[in-house]
Number of protein chains: 2
Amino acid sequence: MIESLRQHIAHRLGREPENIQQVLSHFEEIATKRGDHLLQAGDVCHYVYFVVEGCLQVYVMDKNGNESTREFYIEDQWVTDIFGFQHQSPSTEFIKCAEPSKLLRIHFNSFQTLSQQVPQFAAIYKQILEVSYTNTVYRVNTLMALDALDRIKWLMEHKPKIMSRLSSKLIASYLGISPETMTRLKAKL
Amino acid sequence: MIESLRQHIAHRLGREPENIQQVLSHFEEIATKRGDHLLQAGDVCHYVYFVVEGCLQVYVMDKNGNESTREFYIEDQWVTDIFGFQHQSPSTEFIKCAEPSKLLRIHFNSFQTLSQQVPQFAAIYKQILEVSYTNTVYRVNTLMALDALDRIKWLMEHKPKIMSRLSSKLIASYLGISPETMTRLKAKL
DNA sequence: TTTGCGCATTGATCTAGATCAAGACTTTAC
DNA sequence: GTAAAGTCTTGATCTAGATCAATGCGCAAA
């Protein structure tokens with residue numbers, strides 16, 4: 001399990017750093033069932049998660065109690081509530097397992113230590129930030145500029161794994177449409 | 001004009017770094033009129049801009065030719081099309097001056113040089129990335145989970161400067177609603 | 001000072017997508 | 001294996017917000 005993180009890091013840096021063992025030693029393995037929550041809105045997020053296997057859903061709850069999914073994270077991706085984690089303040093988001101998952105997690109304290117002491121770790125964090133920011137910018141633009149049908153097409157083209165692995169209901173909550181509309185629009189593809 | 005960037009950097013780092021002059025020397029001052037474009041979709045974005053005075057609008061065009069504004073940037077903020085800039089690839093976004101503005105810009109080559117050679121510059125860049133990412137995450141969540149009226153209230157509370165400085169039309173394009181709806185909802189506040 | 005263009009407002013109408021409801025199907029739990 | 005719960009689909013209806021159209025109002029250019 002930790003092996004998959006080792007490879008991820010080596011791949012990101014283009015080589016395996018000499019202090020990789022020090023980095024890996026701060027991570028803890030956990031296994032979850034579908035539906036398990038890793039974070040509830042209002043709680044402080046103490047961890048960054050690395051998905052070894054499975055899928056995590058990050059969402060908020062609207063005033064009618066509907067889930068709006070900001071993002072899904074699958075194998076080889078990093079997940080946290082970035083603001084709440086950095087400031088160790090209550091989160092506005094939920095993190096839930098959309099599939100039974102195998103995860104590695106690193107605690108805030110370890111994260112701080114590694115960021116300061118291991119330049120390679122800081123470098124990876126910067127890379128993750130850039131990719132995450134870039135993705136989120138696209139997310140805003142597709143939400144604003146595309147209608148429901150084009151958002152479905154966008155997802156099929158850009159995130160085919162998400163499209164095929166998850167339930168229509170979850171995908172609808174990611175696309176900002178109701179499950180019924182999802183059904184009807186899929187017929188038009 | 002460059003003085004404002006000097007202060008911004010000193011403030012971000014908590015002190016004025018000894019090599020500040022080297023950093024500042026890579027920036028070029030430009031002044032713009034309202035409506036000037038700094039980037040057109042399809043072009044490669046060669047610069048990162050620092051807003052000394054004024055306001056920049058970053059937007060995309062939907063298939064009906066409507067502008068969807070991803071973000072407005074005012075004094076003391078950094079602007080670029082992050083993905084296109086980093087990869088020096090054609091942009092999907094436009095950057096336009098929403099007000100006559102005074103800007104400092106740094107070219108991609110200089111940016112690369114400073115990132116590699118000046119740790120303080122890299123540190124500031126990481127800070128900007130974190131803040132930008134955090135803001136964009138909130139943007140996705142407000143777009144998805146709030147209705148039009150609540151998005152207006154959110155903007156008034158969290159970005160009062162934007163709300164009071166810019167035209168209703170521009171604000172509507174940021175909130176993802178039509179100018180007519182904007183007029184009608186403002187009456188309900 | 002005039003001309004004209006972009007913006008704001010208001011009213012009338014339209015529509016994409018939501019909501020409500022009901023039946024069939026598929027997982028999950030014991 | 002059966003009960004219970006969640007999911008998918010289809011139909012009927014509703015609604016938030018878009019679009020179209022007309023008017024008045026700044027404000028910028030000549």
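Values reported hereafter were calculated over all heavy atoms of this structure, with side chains retained and with hydrogens, waters and symmetry mates removed.
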Could you check if a side-chain atom of B:Glu93 sits within less than 4.5 angstrom of a side-chain atom of A:Val137, using non-hydrogen atoms only?
-> yes
A:Lys63 NZ to C:dA18 P, in whole Å, measures 16 Å
Between the protein and nucleotides 7-14 of chain D, list the N/O to N/O atom pairs that are separated by less than 3.5 angstrom.
| residue | atom | partner | partner atom | Å |
| --- | --- | --- | --- | --- |
| D:dT7 | OP2 | A:Lys169 | NZ | 3.0 |
| D:dC8 | OP1 | A:Ser168 | N | 3.2 |
| D:dC8 | OP2 | A:Lys169 | N | 3.2 |
| D:dT9 | OP2 | A:Thr183 | OG1 | 3.2 |
| D:dG11 | N7 | A:Arg184 | NH1 | 2.9 |
| D:dG11 | O6 | A:Arg184 | NH2 | 3.2 |
| D:dA12 | N6 | A:Arg184 | NH2 | 3.3 |

Interatomic distance where CG belongs to B:Leu149 and P belongs to D:dA18 [whole Å] | 13 Å
Remaining members of the apolar cluster that contains A:Met61, side-chain heavy atoms under 4.5 Å | A:Tyr59, A:Phe94
CG of B:Leu185 versus C1' of C:dT10: gap in Å, rounded?
-> 14 Å
D:dA16 P sits how many Å from A:Asn64 CG, rounded?
-> 11 Å
Rounded to whole angstrom units, what separation is found between the CZ atom of A:Arg151 and the P atom of C:dA16?
-> 14 Å
Kindly check if the number of other-residue, nucleotide or ligand heavy atoms within 6.0 Å of NZ (A:Lys159) is above 12?
-> yes
Check: A:Phe85 and A:Leu39 side chains under 4.5 Å, non-hydrogen atoms = no
Atom-to-atom span, CG of B:Asp62 to P of C:dA16 - whole angstrom | 14 Å
Across the strands shown, which category fits B:Gly35 at heavy-atom distances under 4.0 angstrom: base, sugar-phosphate, nothing?
-> nothing
For the pair made of CD1 in B:Ile177 and P in C:dT9, what is the distance, rounded to whole Å?
-> 12 Å
Mind checking whether A:Leu5 and A:Val52 have side chains closer than 4.5 Å, heavy atoms only?
-> no
Derivation of the salt bridge (Lys or Arg N to Asp or Glu O under 4.0 Å) call for A:Arg165 and A:Glu75 = CA-CA 12 Å; A:Arg165 275 163 67 161; A:Glu75 288 77 19; 2.9 Å; yes
Nearest-angstrom distance from the residue atom CD of B:Glu99 to P of D:dC27 | 15 Å
